[in-house]
Protein chains: 2
Amino acid sequence: MPQVMDAWQALADPTRRSVYARVATAPSSVSEIAHGLPVSRPAVSQHLRVLLDSRLVDVTRRGREQVYRARPEGLDAMRTELEAFWRGTLTSLKVLAELTYEAHDGGGGR
Amino acid sequence: MPQVMDAWQALADPTRRSVYARVATAPSSVSEIAHGLPVSRPAVSQHLRVLLDSRLVDVTRRGREQVYRARPEGLDAMRTELEAFWRGTLTSLKVLAELTYEAHDGGGGR
DNA sequence: ACAAAGCGTAAGTGGTAGCTTACGCGTATG
DNA sequence: CATACGCGTAAGCTACCACTTACGCTTTGT
């Protein structure tokens, strides 16, 4: 039983990213998701639990199936968070790059 | 010796994110970075190795110090990748949301 | 040439994430 | 009411990640 993770860490795992991609493409039941992946159904259930705790997916009962779907808000929240991180670092980087390159290079880097 | 990781997974670790944030704010030597963190210097070295393999940081020798600095390109590449992922999922989500809500809800989300 | 600073790496350890098999509960179907 | 489907969870195992200590190499200073 995994700990509480932020969306970033939650989506870091490849399998979990696949699971999320699946439900983002189309709401699916657990068995459907598992059928398209090289892991067992309980494994998918656990991944969905993590995604659920991270507020990245949503659940709706339909008959005896449990339909999972992605939550746009969760994604957007994470994106905003990332953007802030980006901005901070990139600003610093830009300043430093200018200070560094203006003297001897010009920035032809790769 | 860690495996090869993509930028996403590399930045998933909190400590490693701190290391990256540090070098993004200002190019620093290994000891400097380690001095500001609750881990040993070798640990920082290993984290820097991972960031190096992920093309997220850069190294320059200066005297006997090894100065690490963040690579804007690496970040930007990851950001692009994320953006693509975003777009794909969000598009699907929007379509599905419309199809779903138009019949019985109205979109009182959250 | 010798001592010290600054790193990188090897070896070893603890913790935990991800997976599987086994089981039990709720729900539809005859 | 009995059977089968769909799912969540517990228990256990394996592998890997992050961290530490110990060692060796390169570079600077006296």
Short side-chain N/O contact to [N] OP1/OP2 from [X], under 4.0 Å:
X: A:Ser31; N: D:dG6; result: no
X: A:Arg16; N: C:dG18; result: yes
X: A:Thr15; N: C:dC19; result: yes
X: B:Ser45; N: C:dC7; result: no
X: B:Tyr68; N: C:dG8; result: yes
X: B:Ser29; N: C:dC7; result: yes

**Message:** Restricting to non-hydrogen atoms, name the atom on B:Gly74 and the atom on B:Leu56 that form the minimum distance, rounded to 0.1 Å.
**Reply:** C-CD2, 4.0 Å
**Asked** Is atom CZ of A:Arg61 surrounded by more than 12 heavy atoms (other residues, nucleotides or ligands) closer than 6.0 Å?
**Response** yes
Protein-nucleotide distance ([X], atom [atom1]; [N], atom [atom2]), rounded to Å:
X: A:Gln66; N: C:dA28; atom1: CD; atom2: P; answer: 12 Å
X: A:Arg41; N: C:dT21; atom1: CZ; atom2: C1'; answer: 11 Å
X: B:Asp6; N: D:dC17; atom1: CG; atom2: P; answer: 12 Å
X: B:Tyr20; N: D:dA18; atom1: OH; atom2: C1'; answer: 21 Å

**Request:** Determine whether B:Leu48 and B:Gln66 make a side-chain contact, defined as any pair of heavy atoms from C-beta on separated by less than 4.5 Å.
**Result:** no
**Request:** Look at all strands and tell whether B:Arg61 reaches a base, only sugar-phosphate, or nothing, counting heavy atoms closer than 4.0 Å.
**Result:** sugar-phosphate
**Prompt:** Ignoring hydrogens and angles, are the base of D:dG6 and the side chain of A:Arg62 linked by a donor-acceptor pair under 3.5 Å?
**Reply:** no
